[in-house]
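Let me give you the structure first, and then I'll get to my questions.
For clarity, every value in this text was computed on a predicted model and none was experimentally measured.
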Amino acid sequence: MRQIRQMQEHEREEYTRLSSFAFQYTLTPEALAKRAASLVPEENWGCYGEEGLEAKLMLLPMEVYVCGKPLAMGGIAGVATWPEKRRGGRVGELLSHSLRIMKDQGQTISMLHPFKFEFYRRFGWETYTEYKKLELAPSQLPRFPAANGRIVRTTELDTLQPVYEAYAARYNGMLVRSRQWWEERILARKNEGGLGAVFLDGAGLPKGYILYKVAAHTLTIHEWVALDREAYRGLWNFVADHDSMLGNEGKVQVLMAHPGDRLTSLLKDPRIRQETVPYFMARLVDAEAFLNGYSFRQEAKGELRLHISDGQASWNDGGYIIRLDEEGTEPKVRRSTAVDGDASAEGLSCGIGILTSMLLGYERPSFWHEHGLLTGSLSQLELLEAALPEGKPFLLDFF
């Protein structure tokens, strides 16, 4: 008989050993003890059988921006199973259990980085963001007219954090970073031993930054944030000033650029190396609560009928009637009843993952309708298209 429960204090090293085996990294006894001591029992869940721990995951309490507002989110991470226990439904049980815990905790959305997209789609998660990787030779670097501002080299959090927050609020799915997250995850790990450069505008206000390293004739940019055109161009001019350090055989790498970045349209030689990488997945945990807090377009008027299928979270399964408010305030959402009729009859039907993708702006309703994963009334499709803001999903973090 299997049991799902939280990690206990004496099981810290057991969880750490499973992680190091599953993700193929080696820890010294000292590193193992340090990693184990850092685990938070309340965030670690395991599936136990007769022989002990068989599979586990972490459930991280986090916040993300959606439509410019912070929202409680449950982050799934560190999913691992011993090889001999795989394909037995253990991870599925952990995920289903996590959904119930997240709902109880008021987390209306969940995110994770998949080892395999197909696997997590079975449980309702769907791709919600991607990023671009850029690589330029020194001769391809842009030279823009001098920006109205200057560069200051710093990694001072009091300077970086407000710029990040202003940037993050523009995009669906960006993390709300605590100071601890900045210090431990960004500066100490992501940009370990690296540098920072901040663009200050003409009034001396920070409007953009990069976190980067220069080594072996390669300038690697781990994080690129620009709030306006002047900051974007000023930072690129700063990067281009490193050309003599890089030499003819050197390169500049931007590891995570926004998928909508159009640098190539501004270059004399646009034939740079670039790759679009599908990244994180998301799924609604509590569809009704999420829809009630969602910022639909104020111009959209009418009654939207949705029928959602969710095989993992029964509380989401069924019909919804959303009245788009005349004043453009939060919509009033109610579950359909026998009197209302089935929402799928005169409305739209889709799975929970497809709905998540649309609300976060990764794909438009017309795309999913064209491919048969959103079905129903054309007039309702037009209303949903009009009601959803143009999405700008992105994520600069990893967990």
Side-chain angles (χ1 to χ4, degrees), residues 62-75 99 102-103 105-111 124-129 168-176 280-310 313 315-336 340 343-344 347-369 373-374 376-377 379-395:
M62 311 175 91
E63 284 188 306
V64 293
Y65 289 101
V66 176
C67 298
K69 299 179 293 187
L71 198 65
M73 184 273 288
L99 287 169
M102 286 186 276
K103 184 176 186 298
Q105 294 177 162
Q107 296 159 336
T108 60
I109 190 169
S110 175
M111 290 165 39
W125 276 265
E126 183 53 69
T127 311
Y128 93 88
T129 190
R170 297 176 177 181
Y171 302 109
N172 292 334
M174 288 279 277
L175 284 193
V176 178
F280 261 65
M281 303 180 83
R283 67 110 76 213
L284 300 189
V285 173
D286 188 334
E288 185 172 0
F290 188 93
L291 288 167
N292 263 312
Y294 187 79
S295 297
F296 288 89
R297 280 177 172 164
Q298 295 185 7
E299 307 81 49
K301 313 294 181 186
E303 194 170 79
L304 189 61
R305 292 173 174 260
L306 296 175
H307 190 273
I308 302 169
S309 57
D310 190 338
W315 55 86
N316 289 329
D317 208 58
Y320 296 76
I321 298 176
I322 306 169
R323 195 190 76 193
L324 301 174
D325 197 282
E326 292 299 319
E327 288 75 35
T329 57
E330 292 182 354
K332 295 180 180 178
V333 180
R334 71 183 191 275
R335 302 300 295 264
S336 65
D340 295 320
S344 63
L348 298 168
S349 298
C350 66
I352 193 72
I354 300 302
L355 179 63
T356 305
S357 164
M358 295 187 293
L359 293 176
L360 294 184
Y362 186 69
E363 295 290 2
R364 298 298 299 177
S366 56
F367 173 85
W368 291 123
H369 188 268
L373 293 172
L374 174 67
S377 161
S379 62
Q380 284 280 286
L381 176 65
E382 292 175 358
L383 179 58
L384 182 57
E385 278 282 358
L388 295 186
E390 285 294 331
K392 296 180 179 180
F394 193 34
L395 180 64

Practice prompt. Starting at OG1 of T129, measure out to CG of L395 and round the result to the nearest 0.5 Å.
Written response: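 One finds 6.5 Å between OG1 of T129 and CG of L395.
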
Practice prompt. Kindly say whether G173 contributes a backbone atom to a donor-acceptor pair with the side chain of Y128 at under 3.5 angstrom?
Written response: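 A pair under 3.5 Å: yes.
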
Worksheet, complete the sentence: Taken to the nearest 0.5 Å, the spacing of F367 CZ from L374 CG works out to 11.5 Å

Fill in: Atom pair OG1 (T356) and CE (M281), whose distance is rounded to the nearest 0.5 Å
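If we round to the nearest 0.5 Å, T356:OG1 and M281:CE are 10.0 Å apart.
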
Worksheet item: Has the side chain of N172 got a donor or acceptor atom that lies under 3.5 Å from a matching backbone atom of C67?
Response: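 Yes, because the side chain of N172 sits within donor-acceptor range (under 3.5 Å) of the backbone of C67.
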
Practice prompt. Heavy atoms only: give me the nearest M358-W368 pair and the separation to one decimal.
Written response: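 Result for this residue pair: CG-CD1, 3.5 Å.
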
Worksheet entry | Atom pair NE2/CD of H369 and Q380 - distance to nearest 0.5 Å | 11.0 Å

Worksheet item: Below 4.0 angstrom, N of the basic side chain to O of the carboxylate: do E303 and R305 qualify?
Response: yes

Worksheet item: If you take all heavy atoms of D310 and D317, which pair is closest and at what distance?
Response: N-OD1, 2.6 Å

Worksheet item: Backbone N or O of F280 within a donor-acceptor pair of the W125 side chain at under 3.5 Å?
Response: no

Discussion item. Under a 3.5 Å distance rule, please check whether R335 uses its side chain to pair with a backbone N or O of E288 as donor and acceptor.
Written reply: no

Discussion item. Rounded to the nearest 0.5 Å, what separates atom CE in M73 from atom OG1 in T108?
Written reply: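 Going from the CE atom of M73 to the OG1 atom of T108 covers 10.5 Å.
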
Fill in: Backbone of G74 reached by a side-chain donor or acceptor of S110 within 3.5 Å
yes

Discussion item. Which heavy atom of I308 sits nearest to which heavy atom of G351, and what is that distance?
Written reply: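 Answer, listing the atom of I308 first, then G351: CG2-C, 4.4 Å.
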
Worksheet item: Where do E126 and S357 come nearest, in terms of heavy atoms and distance?
Response: CG-CB, 4.1 Å

Discussion item. Using modelled atom types and a 3.5 Å cut-off, is there a donor and acceptor pairing between side-chain atoms of K69 and backbone atoms of G293?
Written reply: yes

Worksheet item: Which heavy atom in L175 sits nearest to a heavy atom in Y65, and how many Å separate them?
Response: O-CE1, 4.0 Å

Worksheet item: Nearest 0.5 Å, what's the OG1-CG distance between T127 and L360?
Response: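 Output value for this atom pair is 11.5 Å.
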
Item to complete: Side-chain contact test, heavy atoms from C-beta onward, threshold under 4.5 Å: evaluate it for N316 versus R283 and give yes or no.
Response: yes

Practice prompt. Please examine the side chains of L71 and Y294, heavy atoms only from C-beta on, and report whether any two atoms are closer than 4.5 Å.
Written response: no

Item to complete: Check whether any side-chain heavy atom of E390 lies under 4.5 Å from a side-chain heavy atom of R297, and answer yes or no.
Response: yes

